[in-house]
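Each residue takes its place number in the sequence, starting with 1.
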Amino acid sequence: MYYDIAKNEIVGFIKKYQINPFEFLTEYDLQSYLYFKIFDTFEKKDIKLKIKTSEDDKSVRIFNPSGVIEINPTRREYSAFDGFDIAIIDNTNIKTQLSGYWHQELKVAIELKYHRSSMGNSVNKLIKGFKSDLQKLENYKYKNNTNFYGIAMLFIQNNSHEKELELEKQFKNEYDKIDDINEYLFKSKINGFIITKEYIYKLR
């Protein structure tokens with residue numbers, strides 16, 4: 001169910017973006033919107049995680065002697081060490097430790113990048129950041145559990161069809177143009193997508 005919630009909200013998010021890219025003017029707009037949609041779906045389904053912290057975690061136990069907190073599994077800038085844009089905590093492997101609510105393993109992590117062609121900046125710099133995000137996700141998968149899936153997405157806001165054609169030429173040697181992202185989300189452990197007004201590209 002956790003993967004299905006993330007998948008459905010990502011697909012809906014991309015559709016909304018492609019209908020009107022100017023609905024999102026900054027990277028923070030993208031992050032905030034997708035985070036809220038995933039968080040809200042978990043809330044509506046009344047899905048909470050019970051996390052018990054260690055005996056030494058006074059910050060929780062002062063207010064809750066049992067040391068158990070209930071939280072939505074969707075997080076921003078999580079975990080304490082990795083700071084992924086959007087993260088979903090792994091409900092199958094909850095750990096008890098000091099400040100346990102900050103240090104749980106993840107089922108899903110999403111990294112988002114944004115580029116506005118109208119600003120005149122080269123997209124190549126953002127692609128480097130996008131690939132850095134993919135490496136960050138890969139490193140997390142290598143260090144952590146087998147339940148983990150990582151998704152990096154670069155959104156490009158173009159101001160003309162000609163820009164789209166330029167990008168298509170630029171991407172053709174390294175990316176596949178795909179029709180339906182549904183077919184690829186959560187098929188591989190780590191996936192990278194570039195989304196424009198007209199197309200979706202998947203890193204080979």
Side-chain angles (χ1 to χ4, degrees), residues 1-17 21 23-53 57 59-60 63-64 68-95 97-116 126 129-141 143-145 147-157 181 185-186 189-195:
M1 176 181 283
Y2 279 48
Y3 300 125
D4 290 338
I5 288 173
K7 182 178 180 179
N8 290 339
E9 294 304 338
I10 289 169
V11 170
F13 171 54
I14 289 171
K15 286 179 180 176
K16 182 175 180 64
Y17 177 85
E23 188 76 71
F24 305 93
L25 299 180
T26 68
E27 191 171 293
Y28 301 111
D29 287 350
L30 296 169
Q31 294 171 357
S32 299
Y33 181 86
L34 183 57
Y35 166 75
F36 172 75
K37 294 295 288 184
I38 297 173
F39 185 99
D40 193 48
T41 301
F42 277 103
E43 288 286 301
K44 287 174 179 174
K45 293 182 180 295
D46 197 27
I47 297 173
K48 300 282 185 183
L49 298 179
K50 289 187 177 182
I51 299 176
K52 185 176 179 64
T53 56
D57 194 347
S59 61
V60 170
F63 299 101
N64 187 347
V68 177
I69 58 172
E70 291 191 21
I71 65 169
N72 187 303
T74 317
R75 302 287 97 196
R76 279 273 290 120
E77 294 300 322
Y78 192 92
S79 62
F81 302 119
D82 298 287
F84 292 112
D85 290 339
I86 300 169
I88 300 174
I89 295 172
D90 185 355
N91 62 315
T92 64
N93 192 23
I94 299 297
K95 296 179 178 179
Q97 60 189 70
L98 185 65
S99 301
Y101 43 92
W102 272 111
H103 302 289
Q104 300 299 325
E105 291 185 1
L106 302 178
K107 265 194 168 173
V108 179
I110 302 167
E111 290 283 273
L112 300 172
K113 286 282 185 291
Y114 174 83
H115 173 75
R116 237 164 71 209
L126 266 295
F130 166 68
K131 290 184 176 179
S132 176
D133 284 345
L134 283 166
Q135 188 59 56
K136 179 180 174 183
L137 294 163
E138 190 68 50
N139 291 344
Y140 183 89
K141 178 180 73 73
K143 291 185 297 183
N144 292 275
N145 64 45
N147 293 326
F148 178 74
Y149 285 82
I151 301 165
M153 291 183 282
L154 168 59
F155 288 79
I156 300 177
Q157 186 196 85
I181 198 170
L185 280 171
F186 300 106
K189 289 291 185 178
I190 306 295
N191 274 309
F193 302 97
I194 297 177
I195 297 99

J.: Less than 4.5 Å apart, any side-chain heavy atom of Phe186 and any of Ile151?
T.: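 Counting from C-beta outward, Phe186 and Ile151 do come under 4.5 Å.
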
J.: Report the C-alpha distance between Tyr3 and Asn147 in whole Å, list the side-chain angles of each, state the deciding distance to 0.1 Å, and finish with yes or no for side chain to side chain contact (heavy atoms under 4.5 Å, CB included).
T.: CA-CA 10 Å; Tyr3 300 125; Asn147 293 326; 3.6 Å; yes

J.: Quick one: are Val68 and Val60 in side-chain contact, heavy atoms under 4.5 Å?
T.: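 The answer is no, as the side chains (C-beta and beyond) never meet within the 4.5 Å cut-off.
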
J.: Under 6.0 Å from the six-membered ring centre of Tyr2 and within 45° of its axis: does the NZ or CZ of Lys107 meet both?
T.: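 Geometry flag: set, cation within 6.0 Å and 45°.
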
J.: Taking atom types as modelled, find out whether Asn72 and Lys48 have a side-chain donor-acceptor pair closer than 3.5 angstrom.
T.: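 Checked: Asn72/Lys48 side chains show no N/O donor-acceptor pair below 3.5 Å.
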
J.: Could you check whether any side-chain heavy atom of Ile195 comes within less than 4.5 Å of a side-chain heavy atom of Ile156, counting everything from C-beta outward?
T.: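 A side-chain contact is absent here, since even the closest heavy-atom pair is not under 4.5 Å.
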
J.: Stepwise, does the side chain to side chain contact (heavy atoms under 4.5 Å, CB included) test hold for His115 with Gln157?
T.: CA-CA 6 Å; His115 173 75; Gln157 186 196 85; over 6 Å; no

J.: Pair up each side-chain donor or acceptor in residues 76-84 with any protein partner under 3.5 Å, not counting sequence neighbours, and list the distances.
T.:
{"from": "Arg76", "atom 1": "NH1", "to": "Asp85", "atom 2": "O", "distance (Å)": "2.7"}
{"from": "Arg76", "atom 1": "NH2", "to": "Gln31", "atom 2": "OE1", "distance (Å)": "3.3"}
{"from": "Tyr78", "atom 1": "OH", "to": "Tyr101", "atom 2": "O", "distance (Å)": "2.9"}
{"from": "Tyr78", "atom 1": "OH", "to": "His103", "atom 2": "N", "distance (Å)": "3.3"}
{"from": "Tyr78", "atom 1": "OH", "to": "Gln104", "atom 2": "N", "distance (Å)": "3.0"}
{"from": "Ser79", "atom 1": "OG", "to": "Asp82", "atom 2": "OD2", "distance (Å)": "3.2"}

J.: Is the shortest heavy-atom distance from the side chain of Leu112 to the side chain of Ile110 under 4.5 Å?
T.: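 Yes, their side chains come closer than 4.5 Å.
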
J.: Are the side chains of Arg75 and Ile89 in contact, using a 4.5 Å heavy-atom criterion?
T.: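 Ile89 vs Arg75: side chains touch.
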
J.: If you measure from the Lys or Arg side-chain nitrogens to the Asp or Glu carboxylate oxygens, is any gap between Lys189 and Glu138 under 4.0 Å?
T.: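 Glu138 and Lys189: not salt-bridged.
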
J.: Is the Tyr140-Phe148 ring centre distance short of 6.0 angstrom?
T.: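 Centroid separation for Tyr140 and Phe148: below 6.0 Å.
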
J.: Ile10 versus Met153: any side-chain heavy-atom pair under 4.5 Å?
T.: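 In short, these two side chains touch, coming nearer than 4.5 Å.
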
J.: Taking the six-membered ring for Trp and the full ring for Phe, Tyr or His, determine whether the centres of Phe24 and Phe13 are under 6.0 Å apart.
T.: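 Yes.
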
J.: Dump the intermediate steps for side chain to side chain contact (heavy atoms under 4.5 Å, CB included) on Phe42 and Ile88, then the final yes or no.
T.: CA-CA 10 Å; Phe42 277 103; Ile88 300 174; 4.1 Å; yes

J.: Under a 4.5 Å cut-off applied to non-hydrogen side-chain atoms, are Glu23 and Tyr33 in contact?
T.: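 The answer is no, as the side chains (C-beta and beyond) never meet within the 4.5 Å cut-off.
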
J.: With heavy-atom distances below 4.5 Å as the criterion, would you say the side chains of Thr74 and Ile38 are in contact?
T.: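 In contact.
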
J.: Report, as yes or no, whether the 6.0 Å neighbourhood of atom CZ on Phe36 holds more than 12 heavy atoms from other residues, nucleotides or ligands.
T.: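 No.
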
J.: Quick one: list whatever passes salt bridge (charged side-chain N to carboxylate O under 4.0 Å, His left out) with Lys37, sequence neighbours left out.
T.: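 Once residues adjacent in sequence are excluded, Lys37 has no partner under the salt bridge (charged side-chain N to carboxylate O under 4.0 Å, His left out) criterion.
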
J.: Which distance, rounded to the nearest 0.5 Å, do you find between the NZ of Lys52 and the CG of Asn64?
T.: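 The NZ atom of Lys52 sits 9.0 Å away from the CG atom of Asn64.
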
J.: Is the ring pair Phe155/Tyr17 parallel, tilted or perpendicular, if the boundaries are 30 and 60 degrees?
T.: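 Correct class here is perpendicular.
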
